Amino acid sequence: MKLHIGILSTASIVPRLIGAVRAAETLLSTDCFRGCTISAIASRDLEKARQKARLWNVPEAYGSYKDLINSPEIDIVYIATINSEHYRYAKLALEAGKHVLCEKPFTLGAAQARELFALAREKGLFLMEMQKCVFLPVIQRLKELIREGELGRIVMADFSSSFSSSYNSWLFDAEKGGGPLYSNASYSLHLMQYLLDCYAAEWTGLCTPSGTGVETQFSAILRMEDGTLVTNKTSTLADTLHAGYIYGEKGWVELPDYWKARKAILHYKGKAEPVILEEPCEYELMYEVLHAEECIRKGLTESPVMTEEMTVRSVEVLTGLHRLWNPAPL
């Protein structure tokens, strides 16, 4: 039987998720017992939910997140709410017996993340942070090359990105988990955790304060457990290069649009021409959807790829940097 997904929020990522689920359905069209389908969408404004349901051809619309969560028709709750509400609605969904797929940042505290994973295990339900970059085919190929020593030991990485300050209306609201740190930094962090099979050991950085308790731009630096230095520069004030660069002893890799990479350009020492890996796809979220469905059908409570430890370690780094730039008042 198809697994029925209900979506909390009408955020900008939602149509991309719907497209990804439907692309995965098409891929699995020869097996009517597999795949997921989008069955409902919820907003706090019922008319807005109905409008988006019509626009995106979603069967049911709810004017309450809780009503969708409690619907007997829903198997999986996909959480795309503002960052500060991830924990609350993930917990409600798990308590209601639903599998949960939660957008990044998973929570705004490591203890909250641990609590949710423990609850999922107790309930026998699947829980995963939706982090598309680690499931992309070109990243899978790059990981194999790194494991095989093609680039030698990885010693440094540098990531940069930017986006408009009008990206979300709550972007600079600290109480809602706003700021480019929470919005974007987890991509490079999870990517390096995945590629190197280790976690960040130390972190620091600087930011430009917005005056509202979050940053307008930042430059963060991490030292991974294996010694690799990783920098991330993200701005809402200027356009930057949208690329990642990973440096090894035998060469380096360029990843255009690293958070949704379709291409990796490999430059080897002593070779004039680069090697280009390309994996085009229309909906990059499709691969994490396929992975989550496989895990659910196997009865898993945790992804073997996007693990609890990866999520918790990422939350620790993000909250650590946030506290560094926004210390609690004495």
Side-chain angles (χ1 to χ4, degrees), residues 13 16-17 20-21 23-24 78-80 86 99-107 113 116-117 126-148 150-151 154 157-159 161 182-200 220 222 224-226 228 230 232 234 242-246 248 253-264 266 277-296 298 300-318:
I13 196 171
R16 306 206 306 273
L17 184 277
V21 171
Y78 172 82
I79 299 174
H86 288 182
H99 304 290
V100 173
L101 307 178
C102 185
E103 268 303 321
K104 52 80 187 168
F106 188 72
T107 58
L116 291 177
F117 278 103
F126 182 72
L127 174 65
M128 187 178 83
E129 180 180 6
M130 295 296 275
Q131 185 52 263
K132 60 189 176 183
C133 64
V134 303
F135 296 101
L136 297 170
V138 74
I139 299 301
Q140 301 287 318
R141 292 177 66 183
L142 179 58
K143 183 178 176 74
E144 285 303 310
L145 291 176
I146 290 173
R147 277 181 168 173
E148 293 165 1
E150 281 282 314
L151 297 166
I154 303 301
D158 182 40
F159 298 89
S161 65
Y182 282 135
S183 295
N184 272 43
S186 64
Y187 288 125
S188 58
L189 177 54
H190 279 308
L191 188 58
M192 294 309 294
Q193 287 182 154
Y194 178 66
L195 290 176
L196 300 180
D197 292 312
C198 66
Y199 302 106
L222 319 174
M224 304 299 285
E225 290 170 331
D226 67 353
T228 303
V230 180
N232 179 305
T234 300
H242 290 181
Y245 299 88
I246 299 172
V253 182
E254 179 183 355
L255 287 171
D257 295 331
Y258 60 90
W259 63 91
K260 56 179 181 180
R262 271 79 160 175
K263 179 190 293 188
L266 282 66
L277 307 179
E278 289 193 88
E279 293 284 354
C281 65
E282 185 175 4
Y283 296 104
E284 72 272 11
L285 279 71
M286 179 181 74
Y287 303 102
E288 60 183 348
V289 168
L290 288 168
H291 175 79
E293 186 213 342
E294 181 182 8
C295 290
I296 290 169
K298 287 181 176 179
L300 302 182
T301 60
E302 177 185 346
S303 164
V305 176
M306 193 62 216
T307 63
E308 172 183 356
E309 200 62 25
M310 279 185 67
T311 287
V312 171
R313 293 295 193 100
S314 172
V315 171
E316 288 175 342
V317 174
L318 297 181

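Remember, it's a predicted structure, so these values are computed and weren't measured experimentally.
Rounding to the nearest 0.5 Å places CD of Glu129 at 8.5 Å from OG1 of Thr107.
Gln193 and His190 share a side-chain donor-acceptor pair at under 3.5 Å. In the model, Thr234 has no side-chain atom that pairs as donor or acceptor with a side-chain atom of Asn184 under 3.5 Å. Between the side chains of Tyr194 and Gln140, at least one donor-acceptor pair of N or O atoms lies under 3.5 Å.
Here the side chain of Ser188 pairs a donor or acceptor atom with the backbone of Ala185 at under 3.5 angstrom. Here the side chain of Glu308 pairs no donor or acceptor atom with the backbone of Phe117 at under 3.5 angstrom. At distances below 3.5 Å, not a single donor-acceptor pair connects side-chain atoms of Arg262 with backbone N or O atoms of Val138.
You'll find the side chain of Val230 stays beyond 4.5 Å of the side chain of Asn232, heavy atoms only. Under the 4.5 Å side-chain criterion, counting only non-hydrogen atoms from C-beta, Val100 is not in contact with Phe126. Contact annotation: the side chain of Leu277 approaches that of Leu266 to within less than 4.5 Å [non-hydrogen atoms, C-beta and beyond]. Contact annotation: the side chain of Leu142 approaches that of Val253 to within less than 4.5 Å [non-hydrogen atoms, C-beta and beyond]. Between Cys102 and Tyr78 there is no side-chain heavy-atom pair separated by less than 4.5 Å. Looking at Tyr283 and Leu17, their side chains never come closer than 4.5 Å, going by heavy atoms from C-beta outward. Here the side chains of Lys104 and Met130 are not in contact, with every heavy-atom distance at 4.5 Å or above.
The minimum heavy-atom distance between Leu136 and Ala261, with the atom names listed, is CD1-N, 3.3 Å. Here the closest non-hydrogen pair linking Leu290 and Ala24 is CD2-CB, 3.7 Å. His86 and Pro105 get closest at one heavy-atom pair: ND1-O, 2.6 Å. Taking both residues in full, the closest heavy atoms of Ser186 and Gln131 are given as OG-NE2, 3.4 Å, listed atom of the first, atom of the second, then distance. Looking at every heavy atom in both residues, Pro304 comes nearest to Thr307 through O-CG2, 3.6 Å. Across Ser303 and Phe135, no two heavy atoms sit closer than the pair OG-CZ, 4.4 Å.
Between Tyr258 and Tyr187, a ring centre-to-centre spacing not shorter than 6.0 Å is recorded. Taking the six-membered ring for Trp and the full ring otherwise, Tyr182 and Phe106 have centroids separated by 6.0 Å or more.
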task: Using the side-chain contact (heavy atoms from CB on, under 4.5 Å) rule, take Thr228 and Ile246 through it: C-alpha gap first, then chi angles, then the decisive distance, then the call.
output: CA-CA 10 Å; Thr228 303; Ile246 299 172; over 6 Å; no
message: Assess the residue pair Glu302 and Leu127 against the criterion (side-chain contact (heavy atoms from CB on, under 4.5 Å)); give the C-alpha distance rounded to whole Å, side-chain angles, the decisive distance to 0.1 Å, and a yes or no.
response: CA-CA 6 Å; Glu302 177 185 346; Leu127 174 65; over 6 Å; no
query: Going through the checks in order, is the salt bridge (charged side-chain N to carboxylate O under 4.0 Å, His left out) test met by Arg313 and Glu225?
result: CA-CA 12 Å; Arg313 293 295 193 100; Glu225 290 170 331; 3.5 Å; yes
Step-by-step side-chain contact (heavy atoms from CB on, under 4.5 Å) determination, Glu309 to Tyr199: CA-CA 9 Å; Glu309 200 62 25; Tyr199 302 106; 3.3 Å; yes
task: I would like to know whether Leu195 and Ile154 meet side-chain contact (heavy atoms from CB on, under 4.5 Å); could you show each step before the answer?
output: CA-CA 10 Å; Leu195 290 176; Ile154 303 301; over 6 Å; no
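The residues Glu284 and Lys132 are annotated as salt-bridged, a charged nitrogen and a carboxylate oxygen being separated by less than 4.0 angstrom. A salt bridge does not link Asp257 with Lys263: every distance from a Lys NZ or Arg NE/NH1/NH2 to an Asp or Glu carboxylate oxygen is 4.0 Å or more. A salt bridge is defined here as a Lys NZ or Arg NE, NH1 or NH2 lying under 4.0 Å from an Asp or Glu carboxylate O, and Arg147 with Glu144 meets this definition.
Here Glu103 pairs with nothing under the salt bridge (charged side-chain N to carboxylate O under 4.0 Å, His left out) rule; sequence neighbours left out. Residues forming a salt bridge (charged side-chain N to carboxylate O under 4.0 Å, His left out) with Glu278 (at least two apart in sequence, or on another chain): none.
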